[in-house]
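Following: one structure in structure tokens, then a few remarks.
Everything quoted here is computed from the prediction, not taken from an experiment. Within every chain, numbering begins at 1; the chains are lettered A, B, ... in the order of the sequence lines, protein sequences first and strands thereafter. Side-chain atoms are counted along with the backbone in the values below, which use heavy atoms only and exclude waters and symmetry mates.
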There are 2 protein chains.
Amino acid sequence: MKKIAILGSTGSIGVNTLNVIRTFPKVFDVEILCTNTNIDLLEKQIDEFEPNYAVVNDKELCKELQDRVSKKICILCGQDGMIEAIQNADYDVLVAAMVGFSGLIPTIESIKRSKRIGLANKETLVAAGELVIELARKYQSEIIPIDSEHSAIFQCLVGEKSENIEKIILTASGGPFLNTPIEKLANVSVEEALKHPKWDMGNKITIDSATMINKGLEVIEAHYLFNLPLSKIDIVIHPQSVIHSMVKFYDGSVKAQLSLPDMRIPIQYALTYPDRLPSDFVQTDFTQVGSLTFFKPDRNKFECLQFAYDALQEGGLKPCIMNAANEIAVNKFLKKEIKFNQITYLIKEALNKIENGSASDLEQILQCDCKTREFVNNIKI
Amino acid sequence: MKKIAILGSTGSIGVNTLNVIRTFPKVFDVEILCTNTNIDLLEKQIDEFEPNYAVVNDKELCKELQDRVSKKICILCGQDGMIEAIQNADYDVLVAAMVGFSGLIPTIESIKRSKRIGLANKETLVAAGELVIELARKYQSEIIPIDSEHSAIFQCLVGEKSENIEKIILTASGGPFLNTPIEKLANVSVEEALKHPKWDMGNKITIDSATMINKGLEVIEAHYLFNLPLSKIDIVIHPQSVIHSMVKFYDGSVKAQLSLPDMRIPIQYALTYPDRLPSDFVQTDFTQVGSLTFFKPDRNKFECLQFAYDALQEGGLKPCIMNAANEIAVNKFLKKEIKFNQITYLIKEALNKIENGSASDLEQILQCDCKTREFVNNIKI
């Protein structure tokens, strides 16, 4: 039995991870489940999967759950509780599916135990890529990406030498505003931004897809995961989201990984790699997919995409600043405190005004994250 | 230095193999060159690549070449000469790029020397797949496919377990008559049939693409190369020929290999596998490829496709009969002795009238090939 710890079990990736686990009761066992605030769903998940640990980040809700659950299970509260579970529980794979920067510290703790990380939380690598990859190497912890694009590249690279890569090509659906004129972006509503054309995901990543900063974050993630310079990472708009990404080798051959959009495929692969398990996920019938198309991304319209390239180019704390500013800005947009195009403005302000520095230790990264959040929260719109 | 023997060096694959070799003078060296009748081109190739052996299948033309060439080189004549070269020369990889059944015996001789075979000659596996694969296993000879479809599948399977394959999907351009109504097929000209929309290839394979028996031959080739039952081999029409083929794994993930059509890519891969070498082949820019589309093949219109499935299903000598009948029929069509749709008729006659038998030894296969050729040659149209 492979024992699985899921950070963010009530989110979209977490729920899909449990869908995979439910299909293979003789292969996988759940060891840790964890939520930020959704204790109702967590309670149901505890009932069904009987983990040894559950963690609720919100301390009051945590107490409420402790009162409700009578099973023999260790329910821990807050960030400290989460670290305690990660340090003590008996698991093989950590699925890091929390939202944003909050995934960083728990992921590092799991890396220090040399566990396999199924990484859905790209912000971990954006904010602290150098540090995380260095620790993973030191502790021989395997990081298997769950993001569909990075899983695609990982799968295309199986059995290949990474020095033979000419380029990797991240595909992007283009999000809900691919065909919206730039001058109309100011007034799009939260509801419109949350209507992703291809993927059903959490709110944060869906807004990130609408601004296309998500693809920028993925470029940074790919840079660290595959140890490639920016010049070897391309983006192509592929509205059908059937090709999840591609690797171009320097002999002219290109490999791609494809499927109808279904996050269970990369999740399951991260759990089973280097093997695969049979699934009843919807099979891709190519005679039904219609035509597959590809376009250049519009970097004028989607400025956030460029921010990511620039931040990685400058290095140091810049990606951390960009990430923190984006988290606050997206949150403000979701609460309807700012307009859609002001997300870009807030990130730009943070990138321009906050001083860069070294990102080689965790303390510096945490401080920078904190400072950026405060800075963006105080910008008057 | 890797030493290369090329059977069929004056054909399309042979010339492209030499194009690859020319790019890497410090990596590859030519040991054997060989032609059926094109001694003018062979003479130029000898001048440039200075092999130790050259073979001309046509004995008179062979003598002419012997008179012309003054270099220190062993020029051998006919099938016997070819076997002698294959048995005695010092080479690492045999590129089997002869046309049709004639590639069988030389390929077997090279397998017996445990050489790597870069296999472009699919008829070898169609006529004698069981025998050839068995010999390759026995003599530990690696067969690396050069057909773009099979190279694609081979590349997609690197690092993967073959028991995880759900299906392989061979893509087919559909040839020049993809959109020609069935009732017009009777009267298409040789010139029209030779106009392949995507690939610049030899005459035989181009006509095979027009009847789509080429895809049928590829199904049989794939069956033997990848040890898969017919039920796991699908065909999809993909007119752009950018995706060269795909593998669907049983977890729902699909891997594809892509590039603009350029035979140098699979040829070079067969020479360099498991490594790759940098090339200046045209790079595939996905923002320029337009849209990629997929359709079901029309098995009523392209009956030859069905013949291949049926022949493999029946087994024994049936694929050999189909192959021999097709070679004669294509030849007749190229000489304008029969109409395009009579190719199908001749193959059907041979498959219906010639008795099946075991294909486990070479003698039986050679006899069957011979008998079928005679039978088809004697059919009155």
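No other option in B/Gly252, B/Ala256, B/Cys156, B/Gly290 has as many heavy-atom pairs under 4.5 Å with chain A as B/Ala256. Ranking B/Val242, B/Val158, B/Val236 against chain A, the residue ahead of the rest is B/Val158, based on heavy-atom pairs under 4.5 Å.
Both the backbone and the side chain of B/Phe286 come within contact range of chain A, judged by heavy atoms closer than 4.5 Å. Proximity to chain A is absent for every atom of B/Val247, based on heavy atoms less than 4.5 angstrom apart. Only the side chain of A/Ile169 comes within contact range of chain B, with at least one heavy atom under 4.5 Å from a heavy atom of that chain. For B/Leu277, the part sitting under 4.5 Å from any heavy atom of chain A is the backbone (N, CA, C, O) and nothing else.
The residue from A/Leu260, A/Ile265, A/Ile243, A/Leu258 that alone fulfils the side chain to side chain contact (heavy atoms under 4.5 Å, CB included) condition with B/Val254 is A/Leu258.
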Across chain B and chain A, going purely by atom type as modelled, what donor-acceptor pairs are there at a distance under 3.5 Å?
{"residue": "A/Gln155", "atom": "O", "partner": "B/Lys255", "partner atom": "NZ", "Å": "2.7"}
{"residue": "A/Gln155", "atom": "OE1", "partner": "B/Ser253", "partner atom": "OG", "Å": "2.7"}
{"residue": "A/Glu160", "atom": "OE1", "partner": "B/Arg276", "partner atom": "NE", "Å": "3.0"}
{"residue": "A/Glu160", "atom": "OE2", "partner": "B/Arg276", "partner atom": "NH2", "Å": "2.8"}
{"residue": "A/Lys161", "atom": "NZ", "partner": "B/Asp275", "partner atom": "OD2", "Å": "3.4"}
{"residue": "A/Asn164", "atom": "ND2", "partner": "B/Asp275", "partner atom": "OD1", "Å": "2.9"}
{"residue": "A/Lys248", "atom": "NZ", "partner": "B/Thr284", "partner atom": "O", "Å": "2.8"}
{"residue": "A/Tyr250", "atom": "O", "partner": "B/Ser279", "partner atom": "N", "Å": "2.8"}
{"residue": "A/Asp251", "atom": "O", "partner": "B/Ser279", "partner atom": "OG", "Å": "3.2"}
{"residue": "A/Asp251", "atom": "OD1", "partner": "B/Arg276", "partner atom": "NH1", "Å": "3.3"}
{"residue": "A/Asp251", "atom": "OD2", "partner": "B/Arg276", "partner atom": "NH1", "Å": "2.8"}
{"residue": "A/Ser253", "atom": "OG", "partner": "B/Gln155", "partner atom": "OE1", "Å": "2.7"}
{"residue": "A/Ser253", "atom": "OG", "partner": "B/Gln257", "partner atom": "NE2", "Å": "2.8"}
{"residue": "A/Val254", "atom": "N", "partner": "B/Leu258", "partner atom": "O", "Å": "2.9"}
{"residue": "A/Val254", "atom": "O", "partner": "B/Leu258", "partner atom": "N", "Å": "2.7"}
{"residue": "A/Lys255", "atom": "NZ", "partner": "B/Gln155", "partner atom": "O", "Å": "2.7"}
{"residue": "A/Ala256", "atom": "N", "partner": "B/Ala256", "partner atom": "O", "Å": "2.8"}
{"residue": "A/Ala256", "atom": "O", "partner": "B/Ala256", "partner atom": "N", "Å": "2.9"}
{"residue": "A/Gln257", "atom": "NE2", "partner": "B/Ser253", "partner atom": "OG", "Å": "2.7"}
{"residue": "A/Leu258", "atom": "N", "partner": "B/Val254", "partner atom": "O", "Å": "2.7"}
{"residue": "A/Leu258", "atom": "O", "partner": "B/Val254", "partner atom": "N", "Å": "2.9"}
{"residue": "A/Asp275", "atom": "OD1", "partner": "B/Asn164", "partner atom": "ND2", "Å": "2.9"}
{"residue": "A/Asp275", "atom": "OD2", "partner": "B/Lys161", "partner atom": "NZ", "Å": "3.4"}
{"residue": "A/Arg276", "atom": "NE", "partner": "B/Glu160", "partner atom": "OE1", "Å": "3.0"}
{"residue": "A/Arg276", "atom": "NH1", "partner": "B/Asp251", "partner atom": "OD1", "Å": "3.3"}
{"residue": "A/Arg276", "atom": "NH1", "partner": "B/Asp251", "partner atom": "OD2", "Å": "2.8"}
{"residue": "A/Arg276", "atom": "NH2", "partner": "B/Glu160", "partner atom": "OE2", "Å": "2.8"}
{"residue": "A/Ser279", "atom": "N", "partner": "B/Tyr250", "partner atom": "O", "Å": "2.8"}
{"residue": "A/Ser279", "atom": "OG", "partner": "B/Asp251", "partner atom": "O", "Å": "3.2"}
{"residue": "A/Thr284", "atom": "O", "partner": "B/Lys248", "partner atom": "NZ", "Å": "2.8"}
{"residue": "A/Leu292", "atom": "N", "partner": "B/Leu292", "partner atom": "O", "Å": "2.7"}
{"residue": "A/Leu292", "atom": "O", "partner": "B/Leu292", "partner atom": "N", "Å": "2.7"}

